[in-house]
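Input: a single structure, listed below in structure tokens.
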Amino acid sequence: MAVSDPVRVRIAPSPTGFAHLGTASTALYNVLFARQRGGTFTLRIDDTDMERNRPEYEQLIYESLRWLGLDWDEGPDKGGPYEPYRQSERLDTYREEAARLIKDGRAYRCYCTTEELEAERKQAQLEKRAYKYSRRCLNNPPEGRTVFAVRFKVPGGDIKFRDMVRGEMHFDGDLIGDFIIIKSDTYPTYQFASPVDDALMKMTHVIRGEEHLSNTPYQLMLIDALGYERPEAYAHMPLILAQDGSKLSKRKHPESNLALFREQGYMPEALINYLALLGWNPGTEQEIFTIEQLVGAFTFERVQHAGARFDWEKLNWINGEYIRALSDEELARRIKPFVPQVDESTLQRAVPALKTRLHKLAQAVDYLDYLWTDPHPPAIDGEVAPRVGMAIEAVQHVEWEPEPIEAALEKAVAESGVGKGKFYNPLRDILTGKRVSLPIHFTIALLPKDVALFRLQRAINARD
RNA sequence: GGCCCCGUCGUCUAGUGGCCUAGGACGCAGCCCUCUCAAGGCUGAGAUCGCGGGUUCGAAUCCCGCCGGGGCUACCA
């Protein structure tokens, strides 16, 4: 294959639960590579796990990747020259290829039960030797059984391949036992379906998570046995680690659900930016990158070999940077879905004050919910009551916008003889029921005038 | 257990034998600004470069051993 031929890469997530952060990360690196080489990025659905697959999970994958802007060129939903792109629809292919291997004497039927296999494994452990399948069904198959799986007859030997991240890799094939390629439910295993599809779909490079590094020799032996062309190279990307240092998994780490990132108000561009920096670095001090800049700067030589812990604090910072970089109009547009109770113009007036205060869009709710929620009137003492009265007076004949309100309030503060803190904090409490809010003139101006004045007056009345 | 990958501030990282009294970012602390919270500005603390041996005039950088973490070792992917 000539170097100039366009690359073809893919991600192959399995629809067995929510869309996972790791899928986004792998997809990102695939997209970066495909775009910088003018190649094709394919989405293939790895749905060979009958037990756990659900069609709605597949939708979740589509939604999340689209949200992130990591769109694909070929996939189950948009077709392409190598259809179908769902493994459950390619069963005939795997069965034919497995039959071919059996016919060539490179695979065989295995009638062993899980209990028998378990016993073999236990025995090996007892004798403290590395477990490899005994090849009982190759040499001396049991009689009269009908349920079988298909095992690959591992040829062994040295297995070498090039990893774009780690360089030349070597594995000893003699250490690998015969493994299952077709399960007894007639579905292929990942180890089998993945290399078959990669070859048939003409993938030139395989970019995936590091958990697949040890799987590569299995797949390479299969590729050779099937007479396929090997991919030019692999790239095994560092794992995203949880706080405890283990691989982020669906079961143990529900926070790796991509839908949650959207719900909390992380911006897709910011998440992409953070993900790119997790495990890769540009070699410069630049931290903020557009996807286009990433396409230009990314190289496998600069990807990290060790797993990286996911750091929410840094993500929050990056997300805040993106929020602050938005125009007021754009920020209002993005916040809108999080605060459907707030009308358009009120939101627009709130945005300048919100902008520097948000790490996540959903935090707008904390600042604005007093607009649609009536706070419990706090008890005020005889000292602050007159100041609340002064505030009402100062503000009630003024144009209902932050600036004039601020000016009026400043005057009242000066006349009150106390500091801004003493004057404003009780107002904030009365109006919002909270210790923290937007600057007081925004807090007041965003509320309808009658509502603001009502809440203030009510606090005074509560004393009488 | 076997095989593989990895090991620099709390975290993400720069670093490929002298430019390293180990740089940056997030976070953290203090100060400034300030009506709260942020944002912003300034300053600062924070890494005996996992440990022990070598090699070398000189090692975070090369070699060996050990320790530690992770991954794979499934009829999950």
Side-chain angles (χ1 to χ4, degrees), chain A residues 12-16 46-49 51-53 110 112-114 117-118 121 124-125 127-132 147-151 163 165-166 169-172 175-177 179-191 193-194 209-218 236 238-239 241 243 245-247 274 277-287 302 304-318 320 324 353-359 363 366-367 406 409-410 413 419-429 432 434-441 443:
Chain A
S14 56
T16 56
D46 232 338
D47 55 350
T48 57
D49 185 344
E51 311 268 293
R52 298 188 295 157
N53 291 325
C110 177
C112 292
T113 62
T114 28
L117 261 15
E118 192 49 46
R121 232 174 265 124
Q125 205 171 47
E127 294 169 26
K128 292 177 75 173
R129 35 165 250 269
Y131 174 69
K132 271 174 76 172
V147 177
F148 64 89
V150 178
R151 265 184 206 277
D163 190 287
V165 174
R166 291 154 218 274
M169 301 296 306
H170 301 260
F171 284 87
D172 182 357
L175 265 19
I176 297 174
F179 55 93
I180 306 277
I181 55 175
I182 302 282
K183 299 180 257 185
S184 54
D185 67 0
T186 74
Y187 274 65
T189 58
Y190 162 80
Q191 262 348 359
S194 183
E210 198 206 300
E211 72 261 39
H212 292 300
L213 189 53
S214 310
N215 289 329
T216 308
Y218 292 69
H236 289 95
L239 261 21
L241 272 22
Q243 234 6 269
S246 68
K247 178 176 89 159
Y274 177 67
L277 256 24
L278 240 203
W280 169 84
N281 79 81
T284 66
E285 284 175 5
Q286 185 175 354
E287 301 272 347
R302 295 201 69 90
Q304 213 61 30
H305 296 189
R309 241 168 269 242
F310 194 86
D311 181 3
W312 291 90
E313 294 295 342
K314 180 127 185 192
L315 204 218
N316 287 341
W317 173 74
I318 288 184
R324 291 187 288 278
L354 284 172
K355 197 180 244 178
T356 59
R357 275 163 252 263
L358 303 181
H359 292 100
Q363 288 176 314
D366 299 331
Y367 283 107
E406 182 180 25
L409 247 23
E410 301 261 320
V413 169
K420 281 184 178 178
K422 280 202 164 200
F423 197 94
Y424 291 159
N425 288 334
L427 300 182
R428 183 185 336 276
D429 192 13
T432 70
K434 297 182 185 192
R435 276 184 47 250
V436 174
S437 81
L438 297 180
I440 199 68
H441 49 296
T443 301

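Letters go in sequence order (proteins before strands), and every chain restarts at 1.
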**Q.** Residues A:S437 and A:T443: side-chain donor-acceptor under 3.5 angstrom
**A.** yes

Q: State, without any angle test, whether A:S194 and A:H212 hold a side-chain donor-acceptor pair at a distance under 3.5 Å.
A: no

With respect to the phosphate group of [N], does any side-chain polar atom (N or O) of [X] fall under 4.0 Å of OP1 or OP2?
X      : N     : value
A:K183 : B:A77 : yes
A:R302 : B:G15 : yes
A:K247 : B:C72 : yes
A:H305 : B:C6  : yes
A:N281 : B:A14 : yes

Should the heavy atoms of other residues, nucleotides or ligands under 6.0 Å from [atom1] of [X] be counted, would the total exceed 12?
X      : atom1 : value
A:K183 : NZ    : yes
A:Q125 : CD    : no
A:E127 : CD    : yes

Nearest to the [X] side chain among [options], which nucleotide is it?
X      : options             : result
A:Q304 : B:G24, B:U13, B:C76 : B:U13
A:R121 : B:A74, B:A77, B:G27 : B:A74
A:Y367 : B:C37, B:C26, B:A74 : B:C37
A:R151 : B:G2, B:C6, B:C75   : B:C75
A:R357 : B:C5, B:C26, B:C37  : B:C37

With a non-hydrogen cut-off below 4.0 angstrom, is [X] in contact with a base, only sugar-phosphate, or nothing?
X      : value
A:I440 : base
A:C110 : nothing
A:Q125 : nothing
A:D49  : sugar-phosphate
A:Y218 : sugar-phosphate
A:E51  : nothing
A:G177 : nothing
A:F171 : sugar-phosphate
A:T48  : sugar-phosphate

Between the protein and nucleotides 61-66 of chain B, which nitrogen or oxygen pairs are less than 3.5 angstrom apart?
none

Does the [N] base have a donor-acceptor partner in the side chain of [X] within less than 3.5 Å?
X      : N     : value
A:S184 : B:C75 : yes
A:R428 : B:C35 : yes
A:T356 : B:A38 : yes
A:S246 : B:G70 : no
A:R166 : B:C5  : no
A:H441 : B:C35 : yes

**Q.** C1'-based separation of B:A47 from B:U11 [nearest Å]
**A.**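 B:U11 and B:A47 have their C1' atoms separated by 13 Å.
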
Q | Distance, C1' atom - from B:U55 to B:G17, rounded to whole angstrom | A |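 Rounded to whole Å, the distance is 11 Å.
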
For [N], what is the paired nucleotide under Watson-Crick or G-U wobble rules, both distances under 3.5 Å?
N     : value
B:C66 : B:G50
B:U21 : none
B:C28 : B:G44

Q | Given RNA chain B, 5'-ward residue of the pair A:M169 and A:H359, judged by closest heavy atom | A | A:M169

Q.
Taking the nucleotide of RNA chain B with the nearest heavy atom to each, does A:E287 or A:S14 sit closer to the 5' end?
A. A:E287

